Structure formats: C-alpha cells, structure tokens
Chemist: 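I'd like to ask some things about the structure below.
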Amino acid sequence: MYGKSGVGILDTTATETLDAVVIGAGFAGLYSLHRLRDQLGLNVRAFDTADDVGGTWYWNRYPGARCDIESYWYSYSFDEDLQQEWTWSEHFAAQPEILRYLNHVADRFDLRRDIRFGTRVNSAVFNEKSRRWTVETSDDNCVEAQYLISGLGNLSLPREPDFSGLSDFTGEVYWTGRWPKARVDFTGKRAAIVGTGASAIQAIPLIAEQAAHLTVFQRTADYATPLQNRPLKPEESAAIKARYPELRREQREAYAGIPYQLEFETRARALDDSAEERERIFEARYAAGSFRLPFGSYLDVLTDLEANELAAEYVRRKVRERINDPKNAEMLAARGHPYGSRRTPMETNYYETYNRNNVELIDAKKNPILSVTRNGLKTQERDFEVDVIIMAIGFDAMSGPLLNIDIRGRGGQTIQEKWQAGPRTYLGIATEGFPNLFIITGPQSPSVFYNMPSAIEDHVEFASDCIAYMNERGFITCDATAEAERKWVAHAKEESDKTIVPLGKSYYMGTNIPGKPETCMVYTGGAPKYRGICADVVSKGYEGFSFEGAPLEDSHSTRRVAAQR
Ligand SMILES: Cc1cc2nc3c(=O)[nH]c(=O)nc-3n(C[C@H](O)[C@H](O)[C@H](O)COP(=O)(O)OP(=O)(O)OC[C@H]3O[C@@H](n4cnc5c(N)ncnc54)[C@H](O)[C@@H]3O)c2cc1C
C-alpha cells in the first residue's frame, strides 16, 4: 500500500532537525502548524501531497461540492479577528469559497513558508535511542522531529473500485475525491456515475443538467434530506458576528457541534409523542434543513430502532412524494440500514433529478458492475456505452490514511500490526507504543460525528497543551498507557453499542472496504461528553499518559516555551 518502506531508514542522514512534523495542510494541518509554531515557538514543518493548502477542499472540486454544516459553524473559532474579517456568502459555502477561506488562513498566519507541498510522507519511524521520529518523504528527504502530528484527515484516501478494467476505458474518468482543477464540461456527453453517497448526491443534479445523458449506478440508497442552502444576508452575517463567542460556546455544548438547541428543543423520545405531533416535529426539521432531522428532532432516533424507523419511514415517504416514477421511487427509498447509521447526505434537487428524461437509475446491487470496458461499463445484465465515468465510491476512511503510511513505533512495531484487528487509541488522539504521535481526529474520537473544524481545534489544542506541559517539565516523550487505551477502546465500543451506528455497513464501521476489520471508528458519546472526559484527563495531569523525562537543560524546546508563557 505505502510507497516506500521505512526499513533501513535509521541509516539515512536527516537533512533537518525539527521540533515537530505535521502531516497534511487541511483544517487540521494548518491549525497545528499555527499553534505549535506561533504559540509554542516550535520549529515545525508540514508536508502535503497536494500542491497547495485545503485538504478536503483542495481535492474535492466536483460540481456541487459544499459543506453541509452552516459555514459560520463549519470554520475556525480560534481567532476572533479571523471570524470578524471573513464573511460567508451562503449558509453552506461551496468548495471554492471554503478553499479561498483556507488560503486566506494560510496567508493571514503566514503558514506557507513552513509547508512543503507536493511531498508525501512515506514513512515515520520512532527511534528509541534519540526518542525522535525519523520522517522520510517522497522527495527523498529525511527529517527528524520530536513530535509527529497527523493531520491526515478522515476522508483523504479514495477507495479502490471492486471491479477491474478502469485503465482500459478510452473515455474520461474522474474521481470526486481527486477532481481536476480545470472545469470539466459534460455538455453533449454520456456520463455514468458510480456510487450514491454524500458526494454523488451533491454532484448528480448538476451533472444531469449538463450531460446529454447520465446513468447512476446505485448500490445502497441513502436517506438524503434537504440542505436548504441560501445566500447569507448581510444582516444575518452581522448578527452572527455580533455574538460569535457566545455562538461558539453554544456550538460546543451541542452533541454534534451544531447548536440546533437554539432553534429547536430536541425531544427525548419519539414514541412519547402522538403521530400528529411527531409529524409536526419531523416536518419542521426537514423544512429547516441540514442535520436538523437526525440531530435535532428526537434524541432516541440514533439510539432506539423503533424511534429510528419512524424517522426513516418519514424520509422514505418524502422521497416517494418527490419522484414521479414509482420504480425509481422504490429504488431510492433507503432500506436495510437504520437512518443515520451511514453518513447522512444532504441534498438540493437530488430526488427531482430522477424525474428528468436524461437520467437513468441502475440498481447495482441486483445488477452489479462486472468490469469497465474500452467503451463503458459492463454489468451482469447489460453493457453501457459512455464518454465519461465518475467514480464516487467513497473513502478508505478514518484509519485508512494512517495505515497508508509506514509508521513504526517502539520495538519497530508497525501501525498496521498494532491495528490489525481495528484501530486502538486512547481518546482517539494517541496510540500506545507510538510516543509523541498525536492523531488529530483519530479513530475513536468524535471526528465525523462532530462538526469537524471544532473537533480539529479541540484535538490540536489538546496536543499543543500537552506538548507545552511536557516542555515545562522537561519531558521528552508521552505515550498512552496500555491500560488507558484498553479502557478507552472498551468505552468507545460501549457508547457505539448504545446507538444504531454499528447496524449500518458504512465507513464509520470500516465495512465499506473489503477485508477491513468491522469496528466502530467514531466516538458516539457526543462532543460535550468527550470534551468533558478530555478536560478531566488534563486536570489530572494527563491521566492515562506516561511521560519520560530528561533533565530540563536537555530539552532545547523547553526554554523557548517557558519564555513564551
Ligand atoms: C466532500 C466532502 C464534504 C465534507 N463536508 C463536511 C461538512 O460539511 N462538515 C464536516 O464537519 N465535515 C465535512 N467533511 C469532512 C472533512 O474531511 C473535514 O471537515 C475536514 O476538512 C478535514 O480536515 P483535515 O485537515 O483533518 O483533513 P483533510 O482536509 O482531509 O486534509 C488531509 C491532508 O493530508 C494530506 N495527506 C494525506 N496523506 C498524506 C501523506 N502520506 N503525506 C502528506 N500528505 C498527506 C492530504 O493530501 C490532505 O490534503 C467533508 C468531507 C468531504 C470529502
């Protein structure tokens, strides 16, 4: 999987000695670099395979790509001036605007000078003698650093297709997660899109408007609900800016980092209400858009199968109402997994797109794609001749990007060996045996069950506070204890078992990738509970972490940090 082996890496001479290496230049990488360099005074270098900043928003340029949490929440909160000077044009910004925002952040904090773009981290090996990480990159360079920060993202490694022949195809092929910078013109073309997850649901309506014909290959229908995007009026923007600190606080008090409690009372149990009252509650959330239905209607939608089915059937009914052809309506009504057990997609005109006469929906479960041919796609029942294929088949998510690098901890143990039966972490940020590795929004942290920029800020701040704590005390390494990790893995499982999440075949569970161990990789206890646990860990002197020390004068970073604080 990974390009280069780290074997023999310790013989390589490091070209640079740093305090910290950051992998990635998306939301996580940029904030990590800023925080460690500009607040702790460390010598930091970030690497990204992309040739510019942005991460997700650099790679996912497909038509319709946009965030589905309101932009004024889906953004950094760490700098009040930054919040005040940036004005979003829509409630849910499109990819180009989010990318402009991240470019603005990079410029504003002068981050680019410490990022090496177009450079992949191939391996990172912990040297037990020097107690430093040796990091080898695709430009044949090698650096050493005390700390290794993974800002690799949860959705940065596109999944491989499970059919062959893509390279034989003579037409154009695009991946939603690796979309080219130049505009793709579908005019007059016969296009096929493989997959109907969150990205495809955003892209399909816009591609259908342009292409001569669009064939959609769907394996699993999902429960998509309206996004309800609209321009953000100047007075709305001003009102948000006037109370940003308060809003951010309220945001962090919400289960998923989205403060729906300001608009709606989230009720406890769906079955406690009459059918009429439930309908009113569901209607209001559906009409208001985004994640209000799953996260802002009833708490037990995500924990009780009976309550879940009430919400699921409500969404199916809405889908049927919007589609003219009853056969398509049945195909598009989600079944076989609970509502919210896969990443809930948000849509704009998605279902109406199937009322167009240039769009055809294929049930790829009943009629699977066997291979790609020179001219199109071959399924069990029929061949499809197309000019363009769009791959929207998702990601090897959560653990995938880390497992795609040769990372070796104490005793030469690889992360692949350590996570053979599924990821094992402490708080989703550390994994025992890999000292000074901080995994921003790692497996078993709230990550994609939490508004991601907030999840990222929480983790970056946890990591940088821990580093400051170490430097103040002259500690050289910190590592999760095996016991703390065992307890956390058990606690995360206990929390996920209270929910419907394990019942879906999804990237949350690793089951979208053949052979990947089935285990819940998101912490479903909610952001406030998670934040409380982390605060408790910190207040008890980083309980669950073990530190190795050295005399204060040995730690060259320490003096800098001490001077800054
Ligand atoms: C289409 C789409 C829409 C989304 N919408 C939302 C939303 O509305 N709300 C939400 O909360 N989340 C959303 N997400 C999740 C999104 O990934 C996060 O919100 C956030 O952008 C993640 O930031 P990050 O910095 O952690 O990771 P990323 O943005 O994924 O950045 C990781 C970076 O690491 C780099 N990298 C990977 N491997 C290596 C390597 N070996 N060496 C060097 N560099 C490497 C990648 O090139 C990438 O640039 C969405 C994701 C997608 C794909």
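Residue numbers run from 1 in the order of the sequence given. Order of listing sets the numbers, starting from 1, for every ligand and every atom in it. All of these numbers come straight from a predicted model, not from anything done at the bench.
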Chemist: Does any N or O atom in Thr49 lie less than 3.5 angstrom from one in ligand 1, N or O only?
Modeler: yes
Chemist: Give the residue, atom name and distance (to 0.1 Å) of the protein heavy atom nearest atom 33 (C) of ligand 1.
Modeler: Asp48 OD2, 3.5 Å
Chemist: Anything under 30° is parallel, anything over 60° is perpendicular, the rest tilted; go ahead and classify Trp488 against Tyr530.
Modeler: perpendicular
Chemist: When you look at CZ of Arg252, are more than 12 heavy atoms from neighbouring residues, nucleotides or ligands closer to it than 6.0 Å?
Modeler: yes
Chemist: Determine the sole option in Asp52, Asp48, Asp51 for which the salt bridge (charged side-chain N to carboxylate O under 4.0 Å, His left out) test with Arg112 is passed.
Modeler: Asp52
Chemist: Taking atom types as modelled, find out whether Gln83 and Glu80 have a side-chain donor-acceptor pair closer than 3.5 angstrom.
Modeler: yes
Chemist: Looking only at protein heavy atoms, which one is nearest to atom 31 (O) of ligand 1, and what is the separation?
Modeler: Gly55 CA, 3.5 Å
Chemist: Between Phe295 and Tyr260, is the ring centre distance below 6.0 Å?
Modeler: no
Chemist: If we only count N/O pairs under 3.5 Å, is Asn60 in contact with ligand 1?
Modeler: no
Chemist: Identify, with sequence neighbours excluded, every residue that meets side chain to side chain donor-acceptor pair (under 3.5 Å) alongside Tyr426.
Modeler: none
Chemist: Please classify the Ile23 to ligand 1 contact at 4.0 Å (heavy-atom distances, strictly less than): side chain, backbone, both or neither.
Modeler: side chain
Chemist: Ligand 1 versus Tyr74, non-hydrogen atoms closer than 4.0 Å: side chain, backbone, both, neither?
Modeler: side chain
Chemist: Have a look at ligand 1 and work out which part of Leu152, if any, has a heavy atom under 4.0 Å from it: side chain, backbone, both or neither.
Modeler: both
Chemist: With heavy-atom distances below 4.0 Å as the criterion, list the atoms of ligand 1 near Trp59.
Modeler: 46 (C), 47 (O), 48 (C), 49 (O)
Chemist: Have a look at ligand 1 and work out which part of Phe92, if any, has a heavy atom under 4.0 Å from it: side chain, backbone, both or neither.
Modeler: neither
Chemist: side-chain contact (heavy atoms from CB on, under 4.5 Å) between Val184 and Trp179: does it pass, once the steps are laid out?
Modeler: CA-CA 9 Å; Val184 178; Trp179 203 264; 3.5 Å; yes
Chemist: What part of Arg343 sits under 4.0 Å from ligand 1 if we count only heavy atoms: the side chain, the backbone, both or neither?
Modeler: side chain
